[in-house]
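All values derive from a computational prediction rather than experimental measurement. These values consider heavy atoms only, across backbone and side chains, with no hydrogens, waters or symmetry-generated copies.
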Amino acid sequence: MAKKNKKNSKINQKIRKYFDDDPFDIGVARVSTQTLSELFSFLGIYDIDQSRDMLIKMARMLWSEADSHFRSDILNFFTHEGKIYKSPVSKEPTLEREDKIDALIDELHVSHEEARLLREAFMDVRSKKITIEKMESKLRHIRYNLKKERVQKKVDGIFDIDDSLEFNASLHYVLYGQSFHKILTLNTKVYDYDYLQNSEEELLVKEINEEKERVVALKQKEIENFIANLSDPHLYLTQKEIVSSLRVTPPKTKVSYPLIKESILSSIISGELGDVETELHDEELLIRLEQSLKLPHSDKNQPYVLELHVELNSLLEDIWKGNGLDFSDVINDSKKEHEEQFLSDLNSLVKECNSYAALLHLTHAVLYSKVYEALFDLLPSSLNISPKIARKTVKRFAHSIHDEIAKKQRYELLARTIRDFKNLFPLARDMRRKLTLHIGPTNSGKTYQAMQKLKSADTGYYLAPLRLLALEGFEDLKESGIESSLITGEEQIVSEDASHISSTIEMVNFDVDVDVCVIDEVQMLEDRDRGWAWANAIIGAPAKEVIMTGSPNAKEAIVELAKYLGEELEIIEFERKNPLTLLNSPVSEKDVEEGTAIIAFSRKDVLRLKQTFSKYFSVSVVYGNLSPEVRREEARRFRAGETQILVATDAIAMGMNLPIKTILFSKAEKFDGVNDRSLLPSEIHQISGRAGRFGLHEEGYVGALSGDVLSVIQKNFHKEAKKITVPFKVMANLDHIKLVGNILEEKSLHEILMFFVKNMEFDGPFMATNLDDMLETSILVDSYDLDIATKYHLACAPLTLKSPYIVAAYESYLASLEKRMPIHYNIVPLVGSYAQTTDELLRAEDMVKEISLYLWLSYRFSDYFIDTNRARASRGILNKFIENSLQQSQLATKCRMCNAPLPPNSPYGICQACFKKNYAGRGISNKGYRKTRDR
């Protein structure tokens, strides 16, 4: 601003020349209209009123308001014109500046040199501002400076800013047998301004010279004392380094002690602090040393370089005097200050970053980790978070979480869309449904009454827990003269004229509305793996009346569910039709009667018990790994009296109508897919209830093969089953999966399922179901290039993950689907008409399961699974093979290591020879080796 004003001032002075020493605003009024018009054309201004008054007004405005550029152009115009516009008013003549300066100098009686300096001082001052008083003041200052210059020359020195004389002196050094002189710059005392100005010059010179001698003598004595007080040997310096330091010290320094070369200082400091970097300055030594800081909310120690600013003079004093060097205080203080500042800046930085990430609700550990990732790429070796680094860190942090924020926003949109789970079933919500609950123990007629209501309805749905029961329901409807369809995962018998559908519960169609829907075995709500199917069906079955059948412990859960749905609920309680008696003592093998069912909880135990009881009875066998067709045939044989007793797992507990008089438990614990545990009261009730079928037996009996098992049964037989409690497990169907995939912009089925497991929160008594098997399967399907609907259907397939044979077949199907190639069923030849060993039987069972998988997939991908007839024919052959095998009295068991036959009913999976070879001497007893889980 000052430079601009100065330039304008010079232009103002120069323009006066053309207006008879008047300023522009006055002189422009004397310029003609034509010349003013030419001025504006010269300035490039054309759109202006050409009246004289307006031209003058605009010229004055430009001169006063415009910048120096316009003023320069106006000055150039009048300079080029060269005309002087005389004032009509007469003026007294004025002296030129040089004339005025000379006139005033003549009055002052100055020397030639003083006159020259005065002219230089006033050369650029405006004439009217030059006065005799100002010139006299300037003359006194000039004479003072000239006097100081003469004194400086005579005393061989220079007055510094404080008016202390600075001069060079030769000082004598004698040490270690060496003698040398060195020039040092010294200072006298400070002289007062008035004293220098008013004292006689010669007196000043004399006094200053005397002061110089005093200062030199004092310095020489100081040097001699310094040398005399040096320890020998010196703690830090060699004699050579001492002499060298004294010789090379500059004449003038800002420290009181002789300087030491930086390399020597660095060596001394490193001896005290380890490997450090040093940087020598005029008054301080900068020391850089490695430190580390434990980062907040992290297990990481961040290295950094700490800068210590050590006062050079005090450091040199300690070194020359041989004092111990203690840096602990300065290190601690600097470290504390540096780290506290860093942590304060970091806290502010994290707060700012967190404002961008508020939607993510990051934990402190995750938040700080992301900030560190963005920060430490930018941060230099120190911990100094500059404003620029902070801005860049925030920018990087915001960029790093952009995708997470977008995904979280999509999550929230999704949560708002499907949080109220019942609204995912719009057809059911649009109907005014009535809920009816038939509860009671087994053999109480609850399912029979529900089926009667279903048969009387114009349209209806029967939802069964098992394919076998769905088939029985289908046949029951057909026998009652009702046209029906059967829909299970691997079999569909569809009639276009059907008014009723019998289906496994997972296959319910939520888009087909009916009058009555029967949901059987509703206590399955709490099943770890399949409970979601019952919850989905109860919430979404599109029927005017939904009749649920189940055990009494489901009552409160259904009441809670009806309350959530806001739908009418009628509860009808049933009593058992015939008594069920608990035996007082265990039943031995020889005392077992015909019509008895022996209950075990593994395939292996079932086959072992079959072999045991085959000595005394003809035996039917039922367990989960058998195909529904084989289970049905085995049940038929028992029902028809072709076999005398039944050996089964708890697979018979769910709706199989069998003429069982007595239930005997062989064990009181089972493997539930996670752990071995004791039977629950509800399980004992469900299994025991199959004894004493109404219409066949007046009374049913429950007991055990051993005393310890019987005691567990007796303890729990009369206990009330644990009530089913909320939350209920639910799972999305394909439409929900597609919705999630679209909103999350996600193609991975595994990620979509994980969203339900981890992130979904529902309004109401729900939680995402256990999807462990489906999640494991989704990892397989995600490795193939398939659309999300195909992946979903494939992940829902009845895949036995613990069977390598079935998993291998499944993966071959995935590969063919990815390539859009037809998938044939390859028949595996059988040896003989029945299995010789339990392993051969297991392989046949797995082959049937593979066919079930193939047929299940064929209903969803009919264009690719083209050998359904061959698969069904092969399943019939395999089922016959299995049935023949089960009718054999003995099946050999082979060692899983060497294939040698094992003794009948051996509880172990390996032979004694393999045990001794592989485990003997390791402190493992026969009882200790792990039994293989069987299916």
Side-chain angles (χ1 to χ4, degrees), residues 168 170-186 219-293 301-339 341-342 379-384:
N168 291 330
S170 177
L171 282 304
H172 188 206
Y173 289 77
V174 179
L175 72 164
Y176 307 130
Q178 298 186 44
S179 175
F180 60 89
H181 285 80
K182 180 172 179 58
I183 301 298
L184 296 182
T185 301
L186 305 179
K219 186 64 177 177
Q220 182 64 57
K221 187 173 182 180
E222 181 184 320
I223 291 171
E224 291 169 357
N225 288 336
F226 174 78
I227 293 172
N229 290 324
L230 288 174
S231 58
D232 190 15
H234 196 273
L235 183 61
Y236 301 108
L237 303 168
T238 65
Q239 290 184 358
K240 182 179 179 180
E241 288 172 341
I242 292 173
V243 172
S244 174
S245 297
L246 295 177
R247 283 182 178 276
V248 302
T249 295
K252 183 178 179 180
T253 67
K254 294 184 178 181
V255 293
S256 305
Y257 285 83
L259 284 175
I260 299 172
K261 286 175 65 177
E262 185 175 353
S263 60
I264 299 173
L265 277 176
S266 180
S267 176
I268 294 171
I269 301 302
S270 295
E272 298 293 323
L273 299 178
D275 190 20
V276 296
E277 293 182 11
T278 59
E279 188 176 312
L280 186 60
H281 297 276
D282 287 344
E283 296 182 68
E284 70 174 18
L285 180 69
L286 180 62
I287 303 173
R288 297 186 180 93
L289 65 157
E290 297 287 341
Q291 295 287 295
S292 66
L293 169 65
N301 286 307
Q302 178 62 27
Y304 70 93
V305 175
L306 179 66
E307 293 188 348
L308 304 180
H309 296 267
V310 179
E311 184 191 11
L312 183 57
N313 196 64
S314 60
L315 175 63
L316 291 173
E317 180 181 3
D318 286 337
I319 291 174
W320 282 113
K321 289 183 175 180
N323 297 332
L325 301 181
D326 184 3
F327 295 95
S328 57
D329 287 343
V330 68
I331 290 174
N332 291 336
D333 290 345
S334 296
K335 184 176 174 68
K336 181 180 178 183
E337 179 182 358
H338 195 59
E339 292 182 358
Q341 184 62 50
F342 168 75
L379 205 62
S381 56
S382 71
L383 295 178
N384 181 29

What are the two closest non-hydrogen atoms of [X] and [Y], and how far apart are they?
X: Phe327; Y: Glu272; value: CE1-CB, 4.1 Å
X: Leu235; Y: Gly322; value: CD2-O, 3.3 Å
X: Thr278; Y: Glu262; value: O-OE2, 3.0 Å
X: Leu383; Y: Leu293; value: CD1-CD2, 3.9 Å
X: Leu184; Y: Pro250; value: CD2-O, 4.3 Å
X: Val174; Y: Ser179; value: CG2-OG, 3.9 Å

How long is the gap from [atom1] on [X] to [atom2] on [Y], to the nearest 0.5 Å?
X: Glu283; Y: Thr253; atom1: CD; atom2: OG1; result: 10.0 Å
X: Ile331; Y: Gln291; atom1: CD1; atom2: CD; result: 6.5 Å
X: Gln341; Y: Asn384; atom1: CD; atom2: CG; result: 8.0 Å
X: Leu316; Y: Thr249; atom1: CG; atom2: OG1; result: 9.0 Å
X: His172; Y: His181; atom1: NE2; atom2: NE2; result: 4.5 Å
X: Glu339; Y: Gln302; atom1: CD; atom2: CD; result: 11.0 Å

Original post:
Is a side-chain donor-acceptor pair under 3.5 Å present for Tyr236 with Glu241?
Top reply: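 No donor-acceptor contact under 3.5 Å links the two side chains.
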Subject >> No-hydrogen, no-angle side-chain donor-acceptor test under 3.5 Å, His281 and Glu279 >> reply: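 Yes - a donor-acceptor pair under 3.5 Å links their side chains.
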Do [X] and [Y] have side chains that approach each other closer than 4.5 Å (heavy atoms only, starting at C-beta)?
X: Leu273; Y: Leu325; result: no
X: Leu308; Y: Leu289; result: yes
X: Tyr173; Y: Arg247; result: no
X: Tyr176; Y: Asp232; result: yes
X: Ile319; Y: Leu265; result: yes
X: Ile269; Y: Leu285; result: yes
X: Leu246; Y: Lys182; result: no
X: Glu307; Y: Arg288; result: yes

**OP:** Give a yes or no answer on whether the side chain of Ser244 reaches the backbone of Lys240 with a donor-acceptor pair at less than 3.5 Å.
**Re:**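 Such a contact is absent between Ser244 side chain and Lys240 backbone.
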**OP:** Say whether, by atom type as modelled, one donor and one acceptor occur between the side chain of Asn313 and the main chain of Val255 under 3.5 angstrom.
**Re:** no
Original post:
Hey, mind stepping through His309 and Leu286 against side chain to side chain contact (heavy atoms under 4.5 Å, CB included) and telling me if it holds?
Top reply: CA-CA 5 Å; His309 296 267; Leu286 180 62; 3.5 Å; yes
Original post:
Parallel, tilted or perpendicular: which fits the ring planes of Phe226 and Trp320, with parallel below 30° and perpendicular above 60°?
Top reply: perpendicular
Original post:
If you measure from the Lys or Arg side-chain nitrogens to the Asp or Glu carboxylate oxygens, is any gap between Glu222 and Lys219 under 4.0 Å?
Top reply: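 Here Glu222 pairs with Lys219 in a salt bridge, since their nearest N and O are under 4.0 Å apart.
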**OP:** State whether the number of non-hydrogen atoms from other residues, nucleotides or ligands found under 6.0 Å of Asp275 atom CG is greater than 12.
**Re:** no
Original post:
Could you walk me through whether Ser382 and His338 pass the side chain to side chain contact (heavy atoms under 4.5 Å, CB included) check?
Top reply: CA-CA 9 Å; Ser382 71; His338 195 59; 4.1 Å; yes
